[in-house]
Amino acid sequence: MISETGEDNLKADFLQSKASFFPDSPRDTQTTSGSINPEESGSIQPLVSSAAAAACIMTSGEFMQTAPLLAHKSKRSLLYKALCFLLLIFQGGILDFYLIIFTDLYWCSWIATDLVVVSGWGIFFMKNARSKRERACGFHQKSSIFGCNLGEFTYAYLAWLIYVIACTPKVVLILETSILDLIALKVPCGVTGFKIIMLLSVPLLFCLINSIIEDLNGATRHHSQSCFMNTCLDLLDSFTLVEMLLRNEIPSVYLKYTVISVYFVALAVPVIWLYELTASELRCRWLWARFSTGLVVNAPLLVVRCFQVYVFKMPVSVFMFKNIFFLACKFLELVEQCVAVRRVRRLAGGSNPAQFSHCVSENDMCPHGYVNTLAVTQS
């Protein structure tokens with residue numbers, strides 16, 4: 001009897017405490033009265049309100065609407081990746097054809113070089129896709145100085161570096177030997193076809209950028225397209241001098257070597273800005289790298305054109321003004337960005353350079369996102 005009375009008291013205390021925590025719960029009235037009749041306990045409340053259910057339905061609907069967009073991005077990326085491999089194989093195959101039929105060098109070495117380049121680009125695309133998946137799972141949330149995630153351009157600079165290292169010796173060997181004359185005599189398209197093969201580097205770079213871009217309206221795409229256009233202008237500028245070299249219109253040997261060197265320097269410049277797109281900190285070395293790439297391309301070309309105008313009495317080219325304009329713009333950009341970085345460092349206390357934080361939302365990630373980061377960290 002005493003034990004039963006104690007159990008009844010414990011149950012009563014438990015029900016009272018539960019009623020105090022949930023005073024309006026209809027389930028408690030049912031338990032205390034021992035009835036589950038809806039007429040006595042009132043209407044049964046649903047666990048999820050209609051507003052919340054509608055919100056859930058709209059959220060899933062919005063997700064279903066974004067599914068075609070994701071599929072479109074995937075198809076777009078696959079298209080540009082396929083174009084990258086086609087351009088690599090076509091350009092490398094034609095250059096190998098020139099070298100194999102007109103030289104006594106071992107032909108397997110040229111084909112092996114192309115296989116290494118194609119395999120390297122395949123590994124790059126796999127590594128890049130893996131980095132994107134890891135970032136989607138939350139492993140790599142740190143952002144770059146241009147508002148993009150670090151995984152977006154991962155290893156892109158290595159892919160272009162492999163291509164430049166493999167392509168440069170082939171083109172130089174053709175330009176500096178009698179192969180070019182044999183191409184002009186025995187190959188159907190002649191020198192014009194060789195020029196087209198050289199210029200395939202531009203669409204290849206375009207396909208590389210678009211194959212890894214995720215946000216088509218983001219700051220990353222705009223900055224990469226800006227760098228791409230600068231590289232295109234530099235390649236076009238240097239290629240006009242290469243054409244003059246092919247027509248034997250550059251009499252000095254030193255100017256010939258300068259033109260060839262500058263062309264391949266301009267071809268290698270994307271390695272710098274592709275690597276810059278993965279940087280998480282805005283340092284002065286990146287500003288100096290931008291200025292240096294413009295200097296080593298435009299300054300020698302300006303010197304060559306000055307020799308053509310003032311020494312060899314050739315007509316003035318419009319690219320001469322382009323070289324002057326680009327050098328002035330690069331210098332002004334260097335001064336402006338250095339002043340901006342020093343101002344940010346002064347606001348930050350001068351201890352660390354401006355960098356992004358893991359806790360900053362994507363809305364704060366803009367081309368000047370480091371200022372927003374400082375505002376967040378100081379508040």
Q91 side chain to I197 main-chain N or O, any donor-acceptor pair under 3.5 Å?
yes
Short side-chain to backbone donor-acceptor contact, N128 and F124, under 3.5 Å
no
Do S224 and W273 get their side chains close enough for a donor-acceptor pair, meaning under 3.5 Å?
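The criterion, which ignores hydrogens and geometry beyond distance, is not satisfied for W273 and S224.
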Partners meeting ring pair (Phe, Tyr, Trp, His ring centres under 6.0 Å) with [X] (sequence neighbours left out):
X	result
F228	F206
F85	F125
Y98	none
F307	none

Within this structure, what is the [atom1]-[atom2] distance for the pair [X] and [Y], rounded to the nearest 0.5 Å?
X	Y	atom1	atom2	value
L95	W110	CG	CH2	9.5 Å
M198	L267	CE	CG	8.5 Å
I183	C189	CD1	SG	11.5 Å
S178	L182	OG	CG	5.0 Å
C306	N323	SG	CG	8.5 Å
L204	F90	CG	CZ	13.0 Å

Filter on salt bridge (Lys or Arg N to Asp or Glu O under 4.0 Å), then keep only pairs touching residues 322-331, sequence neighbours left out; what's left?
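As it turns out, the salt bridge (Lys or Arg N to Asp or Glu O under 4.0 Å) pairs with a partner in residues 322-331, which skip direct neighbours, are D234-K322, D237-K322.
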Share the residues that join Y257 in a hydrophobic cluster, the rule being Ile, Leu, Val, Met, Phe, Trp or Tyr side chains under 4.5 Å apart at the heavy-atom level.
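In the cluster with Y257 are V253.
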State, with a plain yes or no, whether a side-chain heavy atom of [X] is found less than 4.5 Å away from one of [Y].
X	Y	answer
L274	L161	no
V309	M320	yes
R305	L241	yes
V117	W121	yes
N210	Q225	yes
V202	L236	no
S238	V259	no
Q308	K313	no

If you look at every heavy atom in [X] and [Y], which pair is closest and at what distance?
X	Y	result
A166	T113	CB-CG2, 3.6 Å
L287	C338	CD1-N, 3.8 Å
K170	G92	NZ-O, 4.1 Å
G120	I162	CA-CD1, 4.5 Å
N217	H222	O-NE2, 3.7 Å
A156	I212	CB-CD1, 3.9 Å

In terms of hydrophobic clusters joined by side-chain contacts under 4.5 Å, are [X] and [Y] together?
X	Y	value
L233	V265	no
L87	L205	yes
V316	L327	yes
V191	I196	no
V303	I260	yes

Test log, rule side-chain contact (heavy atoms from CB on, under 4.5 Å), inputs M126 and I123
CA-CA 5 Å; M126 289 189 294; I123 294 173; 4.3 Å; yes
What's the verdict on side-chain contact (heavy atoms from CB on, under 4.5 Å) for L175 and L246, showing C-alpha distance, side-chain angles and the deciding distance?
CA-CA 8 Å; L175 290 174; L246 295 177; 3.6 Å; yes
Quick one, F326 with N230, criterion side-chain contact (heavy atoms from CB on, under 4.5 Å). Give me CA distance, side-chain angles, the key distance, then yes/no.
CA-CA 9 Å; F326 271 43; N230 289 335; 3.9 Å; yes
Can you list everything that forms a side chain to side chain donor-acceptor pair (under 3.5 Å) with [X]? Sequence neighbours excluded, please.
X	answer
K256	none
S211	none
S119	none
E249	R247

side-chain contact (heavy atoms from CB on, under 4.5 Å) between L255 and F312, intermediate numbers included:
CA-CA 12 Å; L255 294 182; F312 302 106; 3.6 Å; yes
Test: ring-ring contact (aromatic ring centres under 6.0 Å, His included). Region: residues 156-186. Which pairs qualify, not counting sequence neighbours?
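Passing the test, one end in residues 156-186: Y157-Y275, W160-Y163.
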Count the heavy atoms belonging to other residues, nucleotides or ligands that lie under 6.0 Å from CZ of F325, then report whether that count exceeds 12.
no
Results of salt bridge (Lys or Arg N to Asp or Glu O under 4.0 Å) for E243 - residues two or more places apart only:
K195
